[in-house]
Amino acid sequence: MIDKAIPVPIGRVVATELKPATPHQFHFWTPTDTTIGIGAIVKVGGSGTGEEGRVVYGVVTEGFAYSDLATPLHDVVGAEGDPTRAVEAPTARQQIRYWTAAVLRQTPEEPLQPVPLGQVYVADDADVAQALRMDSYLYSATPTAIPVGLYTSAGRDAPVYLDADFLLGPEAAHLNISGMSGLATKTSAVEFLLASIFAHFPAHKGRVAAVCFNVKGPDLCFLDQPADLSDEDRRRYERLGVPSTPFERVQLYAPLKADGVNLNTLRTHPDLVDDVEPLTWGLQEVVDYAEVLLNRDDIDAKADAFIDFLRDRVLGRTFDDGFGTTHRVQTFADLDRLFRSIFDGLEVISGGRSDTWRTHHIATMRKVRNRLLNISTRCKGLVTDDGPSSDLPWQDFKDRTVYVIDIANVDPLGQDLVFARVVSKLREQLERRELGVDAVVVFVDELNKYAPGDGPDTYVKKMLLDISERGRYLGLVLFGAEQFRSQVHRRVVGNAGTQVFGRMDMDELATPGYQVLTPATKNKLATLPIGELMVRHPHFTQPIFIRFPKPPVLRGRDGVERFPPAADVPFEDAVVRQLVRLDRRVRPNQVKDLIADREPDDVRRALAAVRRIRPDDVLAYFRKVLGARVTPEGALPREHHTVPPLNPISDEPY
Amino acid sequence: MVEDSELQVHPIPEPQIPNPVSFLNGMQRWSVVAYDGVAQIVSAYVAAAVCRRDKRGVLHATFERSRAFAIAPLDRLSPTLRPVLEQAVPDIEPVDGELVGQPARYLEQVESTVRRARAHLERELAEAATAALGADEWLVLDGLLSRSPAVARHPRALGVIKSHGAQFLDGRGLERALTLPAGHRTSVFAVRGGHTRTEVYSWYLRLWPWEGNNLQYGLLRVEARADRETIARAPALSSWLFAERAPLATPATRWDRLLYPLHHVEEYLKARAPRSPAARSRLPVA
Ligand SMILES: Nc1ncnc2c1ncn2[C@@H]1O[C@H](COP(=O)(O)OP(=O)(O)O)[C@@H](O)[C@H]1O
Ligand SMILES: [Mg+2]
């Protein structure tokens, strides 16, 4: 390191018997006029300072000002009780700016000794790297540094890096960010960090992708659209070495609406809607995660056993119900038929006196039936009768690609299902090393909803706990965001190697999780400006304040203004649109003629088949499927047709 | 009496505080550090400083002088120790060896030696400071103005005296002075005193009500140049010094009479004084 100029001390360490310097803390004073404040990084000793031996880096955690006034009464006496006269006193009392700093690092590290009573200097870029132990991963032969923002205290502007080995595994992993809605910039910070990860994920660690669940309005719907950035923000991007451009590869998935053809997302502007893949799953996918549906109130071993039975013996097989009917259950309709047949059979044969069928109690069967058919009603558009017509590319995830799954308008139960299945699949594929990438960041906003600190142990919660505890070995990394960290399960936040805090609520700061922070640090957190964050990272021995640029992508709220969502199109137009998307040669009128007097269910089924197969000649295949399959007599009306389909669009402004 | 025919009591007008003002004060410290038989060898430290007050009321040190020295009855020291001491300490103030056998009186002699050294230092510094004083700058000294003729004749130097050992008045005048109400001053009178015999003008000023305390509580005596101008200025100077009551110089014991800036200079000197007199470490341990 070359010293550019002789450093000028800005303060001096002082220690008294009552307030001594220790190996982990020291006190110093500065002139009344000083650039440093809470969060500033300072250096004691070091080359060129005359104290060559020990160098100590610290971060300012508390500040005090006082004068030689022995008691406030003396000020009253001096002013004879009149505040205006107090100002007229000809001499200003001797006063002090006195700071407490927590030690970030000492060199040499051994023997660990109290901080020497030396001069205090403002830290420069190199000092910040040393202080935060970033040197080991920033300057190594295979650097693993991921820029997270700029340290900007004391008039400086030094990049701060996280260590990919501790952010994305295997040493540690996961990130949790909390703070007040709209002020803490949680979503923005994650967007920026993903851009930074994509730009700096080290080559030797392979390929990386992100899966983001959009759970609030249009939050993550425009990650491929550029942001309006200020020059100041562009300069910050440059300083951090992150491109200020939106994500190049974004794939958005959204379930369909109850009509089975329109997309359930706010990204429906004609210019953009073509990039949205429908996300639809069938009976098999639902039954595989049936525990998600059950555990909310009534997980029990009997239900589990019956679900296993359905999974192993019934689904997709030829199955004799014992009352003379053979079933081949592939759809919810098939399943409903089987249940009816069983219940009717029990009624007819035993006159209602027998209440078990193949060791399963009728009450258990009813419960499972209700849950399964219920989800197909509540999440019509996500859950369809016809198996997965559209799913994530489980074996072919692409490097530096963001997969956004828009479940903002899906029923909570459906959200849980999406969540459980996507994360479990990611885990499975990563375990087999068949996902196509080596690491996936899963971003879950509103984490308190999915992994609350109290309440029952739901399947989703257990799953999030599992990733938190084991994900780092697999490359399955959880980025969670929530307003109140104290409301998220302790082990989920506790396992996040990197903790980020935006503007915080004072009540939240009063909870036990924040006891280690000084009053000044808490106060800074409670008044943190937009765009500033406090970061804890395994290499940093103390929390560090940083500033990050606005994310390089169009904010969801601006997105829906610039690209207003289109109104739902009529059924037949929606079908046309989906087919045209798959094959540009398809003529709208041909499609309309084809479907003119067909049952909507048949059309949906045919559409799903086309989506699944992706044939070369879309129209021909569509015609073939539509013609080939005739609705079985007696299957209609199905139970869930009697219930009005739910399409819960929340009223909440995003 | 140079103002009024007999000593009167005058209320003081609204204050006008001159700017800038410099304040001079000194300190002393000594202790016995070695023995040669019953001869006590003393290490002493005296210092003085001037602080100038800026527009914002903040004090900045402008002059500073100190002296660290030993005090020893050189003629009574043993032939082995004397060269060792003279080697180790370049600055030795010899004292008469006659009192060595009477330790208490010997130490009184030491005390007055140190006080003299301090007064000398303060006087030198006062002379340097008055010589360097700006066109409308004032110098306020802790103690007698009349120690140095040059300082005593300076038009903008004031001495502020807190202890009233010497009496310059008697009869009704003395009574008026000692029962002066707060915010009042006496008439100006002439004083001949100090080592120099330079005449100065003087008056009393009460900073805080004495009722309920002793008669000297809050009582200052001010010294200024012996000149008609001083008489004309006495009201304004009094109101200025009265305004210097705040901020309070607590926790100093004589805060009722000690002006905060003078207190500050003293604190400044104490903070900078070697913790144990410098000579100590260089003296052979007895
Ligand atoms: N780095 C930044 N600098 C300035 N403003 C920002 C920055 N990041 C985000 N913002 C703005 O702050 C607001 C809140 O951000 P958002 O990420 O939605 O917060 P949260 O997710 O915590 O509710 C948005 O209006 C956003 O444009
Ligand atoms: Mg948000």
Side-chain angles (χ1 to χ4, degrees), chain A residues 8-21 26-36 50-51 63-99 114 116-120, chain B residues 14-23 25 49 51-61 138 140 158 160 182-183 207-209 213 217-218 236-237 239-253 255-256 258-272 275:
Chain A
V8 179
I10 52 108
R12 200 175 155 75
V13 178
V14 278
T16 60
E17 192 172 357
L18 274 182
K19 289 205 163 178
F26 59 96
H27 310 277
F28 64 98
W29 64 268
T30 64
T32 319
D33 268 339
T34 178
T35 56
I36 73 151
E51 286 157 275
F64 304 89
Y66 55 86
S67 70
D68 61 2
L69 182 65
T71 143
L73 256 185
H74 291 169
D75 207 43
V76 179
V77 174
E80 292 175 281
D82 180 356
T84 54
R85 296 187 62 159
V87 191
E88 289 162 8
T91 313
R93 278 188 183 277
Q94 181 69 59
Q95 52 172 299
I96 185 170
R97 291 293 176 277
Y98 181 64
W99 307 89
L117 312 187
Q119 309 275 62
V120 178
Chain B
E14 279 300 296
Q16 280 276 315
I17 298 163
N19 189 343
V21 184
S22 284
F23 296 88
N25 205 346
C51 287
R52 179 187 282 128
R53 185 162 69 194
D54 69 14
K55 280 199 266 312
R56 288 154 56 225
V58 178
L59 294 161
H60 305 275
W138 284 77
V140 177
L158 292 179
V160 174
L207 298 183
W208 299 96
N213 288 293
Y217 190 84
L237 292 174
S239 67
W240 160 31
L241 293 176
F242 185 71
E244 299 281 355
R245 295 186 308 162
L248 260 53
T250 51
T253 45
W255 65 269
D256 58 301
L258 178 58
L259 303 186
Y260 179 87
L262 293 172
H263 168 64
H264 176 91
V265 177
E266 195 179 324
E267 291 300 305
Y268 170 78
L269 289 170
K270 278 198 226 156
R272 293 174 61 83
R275 195 159 170 75

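Only heavy atoms go into these numbers, but all of them, side chains included; no hydrogens, no water, no symmetry mates.
Looking at B:Leu248, both its backbone and its side chain come within 4.5 Å of chain A, counting heavy atoms on both sides. Contacts between A:Asp68 and chain B at a heavy-atom distance below 4.5 Å involve backbone atoms as well as side-chain atoms. When heavy atoms are compared at a cutoff of 4.5 Å, B:Trp208 approaches chain A solely by way of its side chain, counted from C-beta outward.
Contacts between residues 77-86 of chain A and chain B, counted as heavy-atom pairs separated by less than 4.5 Å, involve A:Val77, A:Gly78, A:Glu80, A:Arg85. Residues of residues 51-61 of chain B lying within less than 4.5 angstrom of chain A, judged on heavy atoms, are B:Arg53, B:Arg56, B:Gly57, B:Val58, B:Leu59 in numerical order.
Here the closest non-hydrogen pair linking B:Ala246 and A:Pro90 is O-CD, 3.3 Å.
Summarising the local packing, CD of B:Gln16 is surrounded by 12 or fewer heavy atoms from other residues, nucleotides or ligands at distances under 6.0 Å.
Once rounded to the nearest 0.5 Å, the distance linking OH of B:Tyr268 with CD of A:Gln94 reads 10.5 Å. Going from atom CG of A:Leu69 over to atom OG1 of B:Thr250 covers 6.5 Å, rounded to the nearest 0.5 Å.
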